[in-house]
Participant: 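One structure coming up, written as structure tokens, with questions to follow.
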Amino acid sequence: MEPTTNLPAPMEINETLERLRAEAPGRIAAVTSVGDLDDLAADLTGKRSPIAAGRRALGTVPAEERRELGRAINDVAVEIDSLLEARRTTLEAAEATEALAADRVDVTLPGRVPARGTTHVIQQVMDEIVDIFVAMGYTAATGPEAETEFYNFTALNFGAAHPSRFESDTFYLDYGDDPEGVLLRTHTSPMQARYMEDHDPPVYLVVPGRVFRRDQFDPTHSPVFHQIEGLAVDRDITFGDLKGALEHFAHEFLGPETRVKFIPHYFPFTEPSAEMHVFDNGRWMELLGCGMVNPAVFDAVGYDPNEVTGFAFGMGADRLAMVRHGITDLRHLFDPDRRILEQYR
Ligand code: PHE
């Protein structure tokens with residue numbers, strides 16, 4: 001037999017039922033999640049609820065009141081249960097909808113396009129120039145950026161005291177045991193000598209590459225820049241062949257109407273030497289250096305100057321990239337900010 005002392009009396013039970021009947025609908029309606037509703041249900045009708053306490057007390061109630069009180073408790077319990085059930089149905093449906101929305105994959109959204117790299121504009125221009133010469137039957141090759149003083153200067157007929165050899169103009173490297181010295185090549189011309197040493201004529205060669213000079217970084221100079229070298233050696237090559245090949249190049253690269261002119265110049269490794277200028281955007285612009293291969297260079301590489309003649313040329317790829325894209329400051333080409341280079345695709 002349960003202790004009777006802390007069980008509510010019929011009066012109290014009736015008051016509690018009244019209060020529950022009044023409060024329960026509001027409390028149930030205010031709950032916004034299934035979890036909170038479970039807690040409230042335990043409060044209202046669970047083991048420790050006033051309803052359960054009332055049922056337990058029934059045994060102590062006089063028999064004549066028991067029946068009516070029992071029914072009252074049951075009525076309230078049934079009422080509350082049905083409110084709880086209705087609210088549960090609503091909340092479960094809302095939570096399911098919400099979960100679905102959170103999970104939803106919208107297959108109609110456009111895909112996320114990954115950032116895609118391209119070659120640098122200088123590389124694009126070098127590739128294009130090499131392609132123009134390859135289409136004329138030239139072979140492409142590359143050479144070392146760290147070069148010996150012999151190939152960079154001596155084999156190309158630069159005198160021992162030529163100013164280009166000065167440390168003020170050229171980066172020398174403390175490297176290796178070459179008797180003359182090792183440097184960062186100042187032009188791509190050393191590949192003329194290297195290639196002729198390794199190959200018999202005829203030679204039709206283009207050499208794209210990076211070159212170095214001790215220049216200030218300013219709108220028109222950079223201590224590192226890019227050249228494309230060309231060399232053609234065969235029987236009976238003439239200055240007319242040089243002009244024809246380079247004019248064809250200008251027409252391919254800048255357009256078929258492009259005018260060119262050749263102005264006398266001097267290079268130790270070509271004789272005669274010239275600059276080719278092109279008329280572009282309303283003005284004459286120097287495009288490249290060129291000339292007939294100096295017999296002294298043939299001697300240095302073991303070719304017989306009585307057997308072969310040839311021409312050579314060298315052009316700056318950075319300058320051509322600037323012309324191509326209307327860039328006025330060379331330094332933009334070396335800016336690592338992708339947003340700058342992306343303008344010139
Ligand atoms: N190497 C020369 C320069 O850097 C260009 C050149 C190449 C000139 C080949 C004549 C022949 O200025």
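We count ligands from 1, going down the list as the structure has it; atoms in each ligand are counted the same way. Counting from 1, the numbers follow the sequence of the chain as shown. Keep in mind it's a predicted model, so treat the numbers as computed, not measured. Reckoned from all heavy atoms, side chains included, excluding hydrogens, waters and symmetry mates.
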Participant: Counting each atom of ligand 1 from 1 as listed, which ones have a heavy atom of Ser189 under 4.0 Å away?
Facilitator: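 Reading through ligand 1 atom by atom, the close ones are 1 (N), 7 (C).
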Participant: Check each atom of ligand 1 against the heavy atoms of Gln227 and keep those under 4.0 Å away; list them by number with element.
Facilitator: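 Near Gln227, the atoms of ligand 1 are 3 (C), 4 (O).
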Participant: When rounded to the nearest 0.5 angstrom, what is the spacing between CE in Met315 and CG in Leu288?
Facilitator: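 Rounded to the nearest 0.5 Å, the CE-CG separation comes to 5.0 Å.
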Participant: Does the side chain of Ser33 come under 3.5 Å of the side chain of Glu95 through a donor N or O and an acceptor N or O?
Facilitator: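 Looking only at side-chain atoms, Glu95 and Ser33 do not form any donor-acceptor pair under 3.5 Å.
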Participant: Run the ring-centre check on His251 versus Phe249 and record whether the distance is less than 6.0 Å.
Facilitator: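 Centroid distance His251-Phe249: not below 6.0 Å, so no.
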Participant: May I ask whether Phe311 has any heavy atom positioned less than 4.0 angstrom from an atom of ligand 1?
Facilitator: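 For ligand 1, residue contact (heavy atoms, under 4.0 Å) with Phe311 is absent.
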Participant: Answer yes or no: is there a side-chain heavy-atom contact under 4.5 Å between Arg27 and Asp43?
Facilitator: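 Yes. Closest side-chain heavy atoms under 4.5 Å.
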Participant: How are the rings of Tyr195 and His199 set to each other: parallel, tilted or perpendicular (split at 30° and 60°)?
Facilitator: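 Rings of Tyr195 and His199: parallel, under 30°.
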Participant: For atom 2 (C) of ligand 1, grab the closest protein heavy atom and report residue, atom and distance to one decimal in Å.
Facilitator: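 Looking only at protein heavy atoms, the one closest to atom 2 (C) of ligand 1 is Phe269 CZ, 3.8 Å.
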Participant: For ligand 1, is any non-hydrogen atom under 4.0 Å from Cys290's backbone (N, CA, C, O), its side chain (CB onward), both, or neither?
Facilitator: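 The answer is the backbone.
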Participant: What part of Arg213, side chain, backbone, both or neither, has a heavy atom within less than 4.0 angstrom of ligand 1?
Facilitator: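 For Arg213, only side-chain atoms sit under 4.0 Å from ligand 1.
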Participant: Just distances here: any N/O of Thr270 and N/O of ligand 1 closer than 3.5 Å?
Facilitator: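 Between Thr270 and ligand 1, no N or O pair is found under 3.5 Å apart.
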Participant: Using the six-membered ring of Phe253, assess whether NZ or CZ of Arg324 lies under 6.0 Å from its centre and within 45 degrees of the ring axis.
Facilitator: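 Because its charged atom sits under 6.0 Å from the ring centre and within 45° of the axis, Arg324 does stack over Phe253.
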Participant: Give the ring-plane orientation class for His325 versus Tyr344, where under 30° counts as parallel, over 60° as perpendicular and anything between as tilted.
Facilitator: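 Rings of His325 and Tyr344: tilted, 30 to 60°.
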Participant: Which of these, Phe267, Tyr266, Phe225, has its nearest heavy atom closest to atom 8 (C) of ligand 1?
Facilitator: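 Ranked by closest heavy atom to atom 8 (C) of ligand 1, first place is Phe267.
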Participant: Roughly how far, to the nearest 0.5 Å, is NE2 of His162 from CZ of Phe153?
Facilitator: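 The NE2 atom of His162 is 8.0 Å from CZ of Phe153, to the nearest 0.5 Å.
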Participant: Should you measure from each heavy atom of Gln192, which atoms of ligand 1 turn up under 4.0 Å away?
Facilitator: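 Near Gln192, the atoms of ligand 1 are 9 (C).
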Participant: Got the closest protein heavy atom to atom 7 (C) of ligand 1, with its distance?
Facilitator: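 Nearest neighbour among protein heavy atoms for atom 7 (C) of ligand 1, to 0.1 Å: Gly314 N, 3.3 Å.
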Participant: At under 4.0 Å between heavy atoms, is it the side chain or the backbone of Phe313 that contacts ligand 1, or both, or neither?
Facilitator: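 The part of Phe313 near ligand 1 is the backbone, not the side chain.
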